[in-house]
Amino acid sequence: MAPKKVLAVVLAGGEGKRLMPLTADRAKPAVPFAGSYRLIDFALSNLVNSGYLQIVVLTQYKSHSLDRHISETWRMSTQLRNYIASVPAQQRRGKSWFLGSANAIYQSLNLIHDAQPDIVVVIGADHVYRMDFAQMVDAHVKSGASVSVAAVRQPMNLVDQFGVIEVDQSDPGRIAAFVEKPDSTPGLPDDPNSFLASMGNYVFTTDALVKALEDDAARLDTKHDMGGDIIPYFVERNDAAVYDFTQNDIPGATDRDRQYWRDVGTMDSYYDANMDLISPLPLFNLYNLQWPIYTRQSVSPPAKFVRSSSGKSGEAHDSIVSAGVVVSGGAVQSSVLATDVFIAESAEVTGSVLLDKVNVGAGAVVRRAIVDKNVRIPPGARIGVDAELDRRRGFAVTESGLTIISKGQVIEPG
């Protein structure tokens with residue numbers, strides 16, 4: 001049997017309100033992560049490693065930084081008809097922007113008509129994981145269904161945060177119900193405290209997808225959403241299969257990180273996902289070179305740890321330290337430092353995520369904080385030490401006490 005022709009569609013147009021203020025000046029998929037990456041790098045790396053090299057990225061909100069990253073990083077051989085194309089909302093189907101994730105694909109049907117694929121893989125751009133989509137496509141073809149939905153187990157207390165999959169008890173490979181963010185759902189037969197959550201990754205037979213999108217566009221009682229409308233459309237017809245993420249086998253994966261998947265939709269989950277990377281045996285292993293995560297390579301010099309003018313040593317423990325970082329007599333513990341960060345003498349950075357070109361002044365203390373690009377923290381300042389003080393200074397503070405400083409935000413001395 002000839003291999004199926006596959007087009008991959010990456011949905012990257014979401015506004016990302018829950019990741020404010022990191023999304024105040026950039027699209028959610030462009031948010032920096034793990035020191036050197038952008039969130040979209042995980043989706044694109046998974047597709048490329050799976051052998052799928054015809055990819056379109058649908059963008060909309062504040063997409064300049066995302067478009068620039070894709071154009072500078074993800075270059076394919078056009079001679080071999082491979083491409084990763086960033087496609088903005090173009091109002092091809094009326095005078096409106098994307099009305100939802102399904103409408104984004106509907107308005108971009110010209111891309112599918114031009115590529116003429118047998119299979120369309122549709123994925124989100126803001127999750128951290130490794131996955132071989134070729135294995136999911138094979139399972140989809142064998143299922144005979146029009147759509148397959150990737151599912152991952154999640155604890156019951158998160159049921160109102162995901163699309164929930166309930167399988168047919170007589171045919172566990174088929175989806176009996178698909179509900180977006182319900183208040184409750186039955187637990188799994190072998191684990192009542194868990195449920196199956198949609199990963200936001202779908203494999204469609206092309207003709208079925210096109211018809212579903214056209215039917216959805218003609219309706220008035222729809223939010224034009226992939227999870228809320230399109231998947232239930234197929235479930236009602238008993239034409240939706242479930243793909244168990246635990247079946248996906250990635251080269252080089254360890255038992256500890258094999259089934260890792262994180263939705264970084266909130267500031268706390270973004271922070272937690274960064275912290276997952278820094279232990280000696282990390283929950284997610286960036287160093288699996290058999291399934292690499294690709295990104296733009298920095299032109300910054302190597303990181304260095306030096307003594308300050310007074311002879312105090314610079315040091316970092318259990319941390320990610322990116323290119324261009326200089327720790328000059330400061331101390332870094334359990335943190336992620338992005339490119340060109342500077343830590344001055346006697347400064348202490350603990351349990352924090354510092355993005356590009358953050359400058360931490362002498363004697364400053366930064367604890368459990370996320371600091372966006374180009375922020376200068378004055379000498380002696382205290383960040384993340386007193387939540388009420390941080391709020392009065394105009395910093396965002398989550399319910400868990402995590403302090404976030406916006407891109408370029410000015411911090412007054414004292």
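Just so you know, residue 1 is the first one in the sequence shown, and it goes up from there. The analysis underlying the following values was restricted to heavy atoms, covering all of them including side chains, and did not include hydrogens, waters or symmetry mates.
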Cation-pi, F284 ring and R130 (6.0 angstrom, 45 degrees):
yes

**Request:** Please test D272 against S269 for side-chain hydrogen bond (donor to acceptor under 3.5 Å, both in side chains), starting from the C-alpha separation and ending with a verdict.
**Result:** CA-CA 5 Å; D272 291 341; S269 62; over 6 Å; no

Notebook entry, point to check: Can R38 and D41 be counted as an ion pair, charged N to O under 4.0 angstrom?
Noted result: no

- Message: Under a 3.5 Å distance rule, please check whether T295 uses its side chain to pair with a backbone N or O of S36 as donor and acceptor.
- Response: yes

side-chain hydrogen bond (donor to acceptor under 3.5 Å, both in side chains) between N248 and Y243, worked out | CA-CA 9 Å; N248 207 260; Y243 177 77; 2.9 Å; yes

**N157, CG: over 12 other non-hydrogen atoms inside 6.0 angstrom** = yes

task = Decide, yes or no, whether a salt bridge links K407 with D25 under the criterion of side-chain N to carboxylate O below 4.0 Å.
result = yes

Legend entry - Salt bridge present between E72 and R296 (N-O < 4.0 angstrom): yes

N/O donor-acceptor pair under 3.5 Å between D229 side chain and H224 backbone
yes

* Asked: Taking the six-membered ring for Trp, is the centroid-to-centroid distance between F42 and Y37 below 6.0 Å?
  -> yes

More than 12 non-hydrogen atoms from neighbouring residues, nucleotides or ligands closer than 6.0 Å to CZ on R258, yes or no? yes

How are the rings of W261 and F162 set to each other: parallel, tilted or perpendicular (split at 30° and 60°)? tilted

Should D372 and R26 count as an ion pair when the cut-off is N to O under 4.0 Å? yes

The residue among L53, I55, V56 that forms side-chain contact (heavy atoms from CB on, under 4.5 Å) with Y83 is V56

To the nearest 0.5 Å, atom CD1 of I84 lies from atom CG of L47 at 8.0 Å

Only one of V87, D67, L44 passes side-chain contact (heavy atoms from CB on, under 4.5 Å) with V57, and that residue is L44

For atom CZ of R367, decide whether the heavy atoms of other residues, nucleotides or ligands shown that lie under 6.0 angstrom number more than 12.
no

Rounded to the nearest 0.5 angstrom, the CE-OG distance for M275 and S335 is 6.0 Å

| message | Parallel, tilted or perpendicular: which one describes the rings of Y270 and F33, with boundaries at 30° and 60°? | response | perpendicular

**Item:** D255 atom CG, neighbour heavy-atom count above 12 within 6.0 Å
**Value:** no

Practice task
For I230 and F204, run side-chain contact (heavy atoms from CB on, under 4.5 Å): C-alpha distance rounded to whole Å, both residues' side-chain angles, the deciding distance at 0.1 Å, then the answer.
Solution key: CA-CA 11 Å; I230 299 301; F204 292 93; 4.1 Å; yes

ask   = Is the number of heavy atoms from other residues, nucleotides or ligands under 6.0 Å of R68 CZ greater than 12?
value = no

Exercise. Indicate yes or no: does K28 engage D126 in a salt bridge with an N to O separation below 4.0 Å.
Key: yes

Walk me through it: do Y260 and Y129 pass the test ring pair (Phe, Tyr, Trp, His ring centres under 6.0 Å)?
CA-CA 6 Å; Y260 185 93; Y129 65 109; 9.3 Å; no

Distance col, row I105:CD1 vs D216:CG, nearest 0.5 angstrom, shows 10.5 Å

CG of N49 to CG of N288, rounded to nearest 0.5 Å, is 9.5 Å

Quiz item: Can a salt bridge be assigned to the pair D244 and R153 using a cut-off of 4.0 Å between side-chain N and carboxylate O?
Solution: no

Value for CD (Q247) from CG (D138), rounded to nearest 0.5 Å, stands at 12.0 Å

If the threshold is 4.0 Å, N to carboxylate O, is there a salt bridge linking R262 and D276? yes

Side chain of S146, backbone of T205: donor and acceptor closer than 3.5 Å? no

In this structure, CZ of R382 is separated from CD1 of I411 (nearest 0.5 Å) by 13.0 Å

